[in-house]
Visitor: 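Quick one: the structure is below, and I'll ask about it shortly.
Small disclaimer: the values here were computed from a predicted structure and weren't measured.
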Amino acid sequence: VNPKIPPINLLDPKFEEQVKQGTNSKMRATEIKNAIRHHIHIKLDDDPAYYRKLSERLEEIIQEHSDRWDELVQQLFKFRDEMRTEPTPPEGITSAELPFYNLYTEVMVSHADEDNAHKEAKKFSIKIIKFLNEASQIVDFFNKPDEIRRLKRKINDLILQTAHTDTELINNITESFMDLAKHKYA
């Protein structure tokens, strides 16, 4: 497929200018919505919890303003502007630890009180980055099953140090962390 008009990045300064060339509000809203969805899809593996929240927020905006195309265009542009600023990590968390922090809090907030989940997430993300930094020193780490099992055990042990004993939850969290670690460190 060779589009007549090449696609433009959602965060490009000329994006708004290009979208405003659309013939009607419905077309502009659709173009913005699709660009935002594409951006979220591309970035999802970088910070799954954060981009899932963005995706949910996008769907809320779409539902809230369905069939009111001019309002939807304005809200989508506002949402796009919010997306331009990178999330600020909580105090004591680095940008490298932030995706792990977000992933942990996303899962654990529903299984613990929110304040406790954030404290645990902070400790957990700092420790997991330490483990991953050590593991990344091993050449071809993610192709060595013994090393992967060792890291999974460390993650399980960290989770078990919290009050969580649900085996299925622990396995799901471990797999989510391994997927994120593989994306970040492989």
Side-chain angles (χ1 to χ4, degrees), residues 1-110 114-115 117-118 121-122 124-126 128-129 132-133 136 141-142 172-173 175-186:
V1 176
N2 185 11
K4 289 182 181 180
I5 301 170
I8 190 163
N9 187 316
L10 173 71
L11 302 179
D12 190 303
K14 295 179 183 177
F15 177 80
E16 192 168 343
E17 184 182 308
Q18 180 179 330
V19 168
K20 287 185 177 178
Q21 292 174 5
T23 56
N24 61 43
S25 297
K26 183 176 181 179
M27 188 175 117
R28 288 190 291 273
T30 302
E31 188 171 348
I32 300 166
K33 175 183 70 172
N34 290 339
I36 291 172
R37 280 186 176 147
H38 178 72
H39 179 77
I40 290 171
H41 177 74
I42 297 295
K43 295 288 210 167
L44 185 65
D45 290 339
D46 291 342
D47 189 343
Y50 174 71
Y51 285 100
R52 273 194 291 271
K53 281 183 185 175
L54 288 181
S55 181
E56 290 168 6
R57 178 73 181 113
L58 174 63
E59 295 309 316
E60 287 173 11
I61 291 169
I62 293 167
Q63 291 299 317
E64 212 173 287
H65 301 283
S66 63
D67 296 331
R68 295 190 315 267
W69 301 110
D70 289 328
E71 277 182 48
L72 182 58
V73 167
Q74 289 175 341
Q75 291 302 315
L76 290 172
F77 273 131
K78 198 182 294 184
F79 183 59
R80 172 189 168 259
D81 291 340
E82 291 170 16
M83 288 176 62
R84 289 180 119 168
T85 58
E86 288 292 316
T88 307
E91 190 175 321
I93 297 291
T94 66
S95 57
E97 296 161 348
L98 185 60
F100 295 95
Y101 173 87
N102 288 339
L103 192 57
Y104 189 89
T105 54
E106 177 186 59
V107 173
M108 291 306 189
V109 162
S110 61
E114 195 167 335
D115 287 341
H118 288 285
K122 208 180 254 193
F124 189 85
S125 56
I126 290 168
I128 192 126
I129 289 294
L132 289 169
N133 285 334
S136 67
F141 172 81
F142 283 100
N172 289 340
I173 294 170
E175 288 306 314
S176 296
F177 274 105
M178 290 303 293
D179 291 344
L180 181 56
K182 194 169 193 172
H183 177 75
K184 293 283 188 184
Y185 286 86

Visitor: Would you confirm whether Lys33, through its side chain, and Leu58, through its main-chain N or O, come within 3.5 Å as a donor-acceptor pair?
Guide: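 Flag not set: sc Lys33 to bb Leu58 has no pair under 3.5 Å.
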Visitor: Within this structure, what is the CG-NZ distance for the pair Asp45 and Lys182, rounded to the nearest 0.5 Å?
Guide: 12.0 Å
Visitor: Evaluate Tyr101 against Ile129 for side-chain contact (heavy atoms from CB on, under 4.5 Å), listing each step before the verdict.
Guide: CA-CA 10 Å; Tyr101 173 87; Ile129 289 294; over 6 Å; no
Visitor: Which pair of heavy atoms, one from Ala121 and one from Thr105, lies closest together, and at what distance?
Guide: CB-CG2, 3.3 Å
Visitor: Between CG of Asp70 and NZ of Lys26, what distance do you get to the nearest 0.5 Å?
Guide: 13.5 Å
Visitor: If you define the side chain from C-beta out and look only at heavy atoms, does anything of Pro90 sit under 4.5 Å from His118?
Guide: no
Visitor: Quick one: does any side-chain atom of Ser55 pair with a main-chain N or O of Tyr51 as donor and acceptor, under 3.5 Å?
Guide: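 Looks like no, no N/O pair under 3.5 Å.
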Visitor: Grab the two heavy atoms, one from Ile128 and one from Ser125, that are nearest each other, plus how far apart they are.
Guide: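 It is CG2-O, 3.3 Å.
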Visitor: For Ala35 and Leu10, work out which heavy atoms get closest and say how close.
Guide: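 Looking at all heavy atoms of both residues, the closest pair is CB-CD1, 3.9 Å.
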Visitor: Quick one: do Phe100 and Phe177 satisfy ring-ring contact (aromatic ring centres under 6.0 Å, His included)? Show the steps, please.
Guide: CA-CA 7 Å; Phe100 295 95; Phe177 274 105; 5.7 Å; yes
Visitor: Measuring from atom CZ of Arg52 to atom CG of Leu44, what distance do you get when rounded to the nearest 0.5 angstrom?
Guide: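 Taking CZ in Arg52 and CG in Leu44, the distance rounds to 6.5 Å.
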Visitor: Just how far is it from atom CG of Asn34 to atom NE2 of His41, taken to the nearest 0.5 Å?
Guide: 13.0 Å
Visitor: Other residues, nucleotides and ligands only: do more than 12 of their heavy atoms fall within 6.0 Å of NZ on Lys53?
Guide: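 It does not: Lys53 NZ has 12 such atoms or fewer within range.
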Visitor: Within a strict 4.5 Å, meaning less than it, do heavy atoms of the Gln74 and His65 side chains meet?
Guide: no
Visitor: I need the minimum non-hydrogen distance between Leu180 and Pro48, along with the two atoms involved.
Guide: CD1-CD, 3.7 Å
Visitor: Quick one: do Arg37 and Glu59 satisfy salt bridge (Lys or Arg N to Asp or Glu O under 4.0 Å)? Show the steps, please.
Guide: CA-CA 10 Å; Arg37 280 186 176 147; Glu59 295 309 316; 2.8 Å; yes
Visitor: Kindly compute the distance separating CD1 (Ile32) from CZ (Arg28), expressed to the nearest 0.5 Å.
Guide: 8.0 Å
Visitor: A side-chain contact here means heavy atoms from C-beta on lying under 4.5 Å apart; do Met178 and Phe142 qualify?
Guide: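 A side-chain contact exists here, since the closest heavy-atom pair is under 4.5 Å.
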Visitor: To the nearest 0.5 Å, what is the distance between CD (Glu97) and OG1 (Thr94)?
Guide: 3.5 Å
Visitor: Would you call Arg84 and Asp81 a side-chain contact if the rule is heavy atoms closer than 4.5 Å?
Guide: yes
Visitor: Check the orientation of Phe77 and Phe15. Use parallel for under 30°, tilted for 30 to 60°, and perpendicular for over 60°.
Guide: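 Phe77 vs Phe15 ring planes: perpendicular.
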Visitor: I'd like to know if Glu82 and Lys78 make a salt bridge, using a cut-off of under 4.0 Å between side-chain N and carboxylate O.
Guide: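 Looking at Lys78 together with Glu82, the answer is no, because their closest N to O distance does not fall below 4.0 Å.
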Visitor: Checking Arg80 side chain against Ile36 main chain: does a donor-acceptor pair fall under 3.5 Å?
Guide: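 Checked: no pair found.
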Visitor: When you look at Trp69 and Asp67, which way does the side-chain contact (heavy atoms from CB on, under 4.5 Å) test go after all the steps?
Guide: CA-CA 6 Å; Trp69 301 110; Asp67 296 331; 3.8 Å; yes
